[in-house]
Amino acid sequence: MSDLPSSLLSLFDASEDSVLSTLSDALKGADDGELFIEHSQSEALTFDNGRLKGGNFATDQGFGLRAVAGEAVGYAHSGEMSLAALKRAADAAGAVSAGHSGTYAEPPQGTNRRLYSPDNPIGSPSFEEKAKLLGEIDAYLRGKDDKVRQVTAAIAASWQVVEILRADGHRVRDIRPMTRLNISVVTGSGDRQESGSFGIGGRIGFDTFLDEGGWQRGADEALRQALVNLEAVDAPAGTMDVVLGNGWPGVMLHEAVGHGLEGDFNRKKTSAFSGLLGEMVAAPGVTVVDDGTIDDRRGSLSVDDEGTPSGYNVLIENGRLVGYMQDRLNARLMGMKATGNGRRQGYAHRPMPRMTNTYMLSGDKSPEEIIASVKKGIYAVSFGGGQVDITSGKFVFGCTEAYLIEDGKIGAPVKGAMLIGNGPDAMKRVTMVGNDSKLDTGIGNCGKAGQWVPVGVGQPHLRMDQITVGGTKA
């Protein structure tokens, strides 16, 4: 609903003064804490195998109450918006500070900045119009090439309203839209089948990518990738130079490096980057930032889920580790500043340090120059799934689109290529940084400790020397 009251506190069956009094009692003696209130709506439609296969709409609301005492955190939540439920939550969460005489932390700085339109994307266009569009995408792709065997298209939207209230009376409200379009195609020739996909989204309305030109470009890209993979040969295995494409390949940077720069892992000394502030952790020329201040991007936030304004945070500067991503708890315990990275999936989850839009800045080499410099190697254009161990930094990533490089030229597409390595070590193997950094198209979701949040990833073209490639070529 777009006609929510000016304060979510009115969702409780009690006066505002009663809610504030209960919160204040719960946080007596605590070092920090807040009441997080959320109202959200979500909608999703899926068109598969020539017909509409799924459609759902959901509304949810509730609150989470957190009390922080030293390193200890008490957290309680409920979907019942009543004073009785709040008091039960206050008793549970507030127990963590019993006997603790902390000084309640200063509130986050204020901001009037809004990085996206507050308009609710659900309902415009209508359900019928969205279903019709998904059918048009299916028909367009099936008529485009006779090798198309399967098409799946999906639209999703959400609208989240949050209010963060502290015991000192500080209050922050934010309204967060999100939309996404995904298209996947399976092509076949004889007994062989391969797939391709494309996704786009952000904190925007559907109009940005649902015009005919927008969705057709996405459909063409998914088909192009599927047809390329249909011609792919088995990937070689061994140690070789690798060129990473720009944009979405930054997901490897996100996983292999980004998570290791989150404050909680470093405070607990379980990250491969623990204790390395001020030291060279990447090759000269490598600068990595986490930036939650980019208009309309999937990972952008006006304020994080503790009420701290999002920021442009430099993590690695010219190869040197200069900062971590922090929420309020870990920043306080480490004697650092909160960076606007305290995020949670929803009211049922406590906040923790999380990435927003994490990417590498541009260097001074053209993509053509980087590819021409490689005598024999792999050009990885897009990635699928991967696995990373935060403590050791070890990673394995599968390529969904990749090519051989032979004598400085792009050769045959390959399938089954896996990049294997160690995050900190891989960053030191970067020898050329492209001048074309960009973010992904708005499809990233990040998982941590059972919570999922939307994120952005990105980078320029990169050359990395002597990376282990797992392949399928006999």
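Keep in mind it's a predicted model, so treat the numbers as computed, not measured.
Qualifying side-chain contact (heavy atoms from CB on, under 4.5 Å) partners for Val314, counting only residues two or more places apart in sequence or in other chains: Thr287, Val289, Tyr312, Glu317, Val322. Ser82 pairs by the side chain to side chain donor-acceptor pair (under 3.5 Å) definition with Glu80, not counting sequence neighbours. Partners of Arg149 under the side chain to side chain donor-acceptor pair (under 3.5 Å) rule, at least two apart in sequence or in another chain, are Gln193. The salt bridge (Lys or Arg N to Asp or Glu O under 4.0 Å) search around Arg203 returns none, not counting sequence neighbours. Residues passing the side-chain contact (heavy atoms from CB on, under 4.5 Å) test with Lys132 are Glu136, sequence neighbours excluded. Partners of Ser184 by side-chain contact (heavy atoms from CB on, under 4.5 Å), not counting sequence neighbours, listed by chain and number: Thr152, Ser197. When the side chain to side chain donor-acceptor pair (under 3.5 Å) test is applied to Thr400, the partners found at least two apart in sequence or on another chain are Ser382. Take Asp138 and apply the side chain to side chain donor-acceptor pair (under 3.5 Å) test, not counting sequence neighbours, and it matches Arg142. With sequence neighbours left out, the side-chain contact (heavy atoms from CB on, under 4.5 Å) criterion links Ser42 to Ala58, Ser158.
Expressed to the nearest 0.5 Å, how far CG of Leu261 lies from CG of Asn313 amounts to 11.5 Å. Separation of atoms NZ (Lys448) and CZ (Phe265) is listed at 4.0 Å; rounding is to 0.5 Å. One finds the CG atom of Leu181 at 9.0 Å from the OG1 atom of Thr179 (value rounded to the nearest 0.5 Å). Here Phe63 contributes atom CZ and Leu165 contributes atom CG; the two are 12.5 Å apart, rounded to the nearest 0.5 Å.
Salt-bridge check for Glu306 with Arg343: failed, with every basic side-chain N at 4.0 Å or more from each acidic carboxylate O. Ionic pairing of Arg114 and Asp295 is not present here: no N-O contact between side-chain nitrogen and carboxylate oxygen is shorter than 4.0 angstrom. A salt bridge is absent between Arg51 and Asp48: the closest approach of a Lys/Arg side-chain nitrogen to an acidic carboxylate oxygen does not fall below 4.0 angstrom. Salt-bridge annotation for Arg354 and Asp290: absent, with no side-chain N of the basic residue lying under 4.0 Å from a carboxylate O of the acidic one. Note on Asp389 versus Lys394: no salt bridge recorded, every NZ/NE/NH1/NH2 to OD/OE distance being 4.0 Å or above. Here Arg171 pairs with Glu16 in a salt bridge; the nearest charged N to carboxylate O distance falls below 4.0 Å.
No donor-acceptor pair under 3.5 Å is formed between the side chain of Thr358 and the backbone N or O of Met355. Listed for the Ser195 side chain is no donor-acceptor partner under 3.5 Å among the backbone atoms of Ala226. Panel note: side chain Trp248, backbone Phe383; a donor-acceptor pair is recorded below 3.5 Å. Judged by distance alone, with hydrogens and angles left aside, the side-chain atoms of Asn246 form a donor-acceptor pair with the main-chain N or O of Asp436 at under 3.5 Å. With Asn330 contributing its side chain and Gln326 its backbone, the two residues share no donor-acceptor pair below 3.5 Å. In this structure, the side chain of Ser310 engages the main chain of Gly292 through a donor-acceptor pair within 3.5 Å. A donor-acceptor pair is defined here as one N or O able to donate and one able to accept, closer than 3.5 Å; such a pair exists between the side chain of Gln451 and the backbone of Gln345. Proximity of a side-chain donor or acceptor of Asn341 to a complementary backbone N or O of Asp327 within less than 3.5 Å is not detected. No donor-acceptor pair under 3.5 Å is formed between the side chain of Ser24 and the backbone N or O of Leu20. Checked by atom type and distance alone, the side chain of Gln216 never pairs as donor or acceptor with a backbone atom of Gly213 at under 3.5 Å.
Sequence neighbours left out, the pairs with a member in residues 92-101 that pass side chain to side chain donor-acceptor pair (under 3.5 Å) are Asp31-His100.
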Using atom types as modelled, flag every donor-acceptor pair under 3.5 Å from a side chain in residues 4-12 to any protein atom, sequence neighbours excluded.
residue	atom	partner	partner atom	Å
Ser7	OG	Leu9	N	3.2
Ser7	OG	Glu163	OE2	2.8
Ser10	OG	Ser7	O	2.8

Pair up each side-chain donor or acceptor in residues 104-112 with any protein partner under 3.5 Å, not counting sequence neighbours, and list the distances.
residue	atom	partner	partner atom	Å
Tyr104	OH	Gly33	O	2.7
Tyr104	OH	Ala167	N	3.1
Thr111	OG1	Arg113	N	3.0

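You'll find the ring centres of His254 and His259 inside the 6.0 Å limit.
Among Arg344, Arg350, Arg66, His349, the one residue that satisfies the side chain to side chain donor-acceptor pair (under 3.5 Å) test with Tyr75 is Arg344.
Atom NZ of Lys268 has 12 or fewer heavy atoms from other residues, nucleotides or ligands within 6.0 Å.
Between the side chains of Arg180 and Asn182, a donor-acceptor pair is found at a separation under 3.5 Å. Judged by distance alone, the side chains of Ser15 and Asp17 never bring a donor and an acceptor atom under 3.5 Å apart. There is a side-chain donor-acceptor pair under 3.5 Å between Gln160 and Glu38. Under the 3.5 Å distance criterion, with hydrogens and angles disregarded, no donor-acceptor pair is assigned to the side chains of Asn357 and Arg297.
Here the closest heavy-atom approach between residue Tyr359 and residue Ser437 is recorded as CD1-OG, 4.3 Å.
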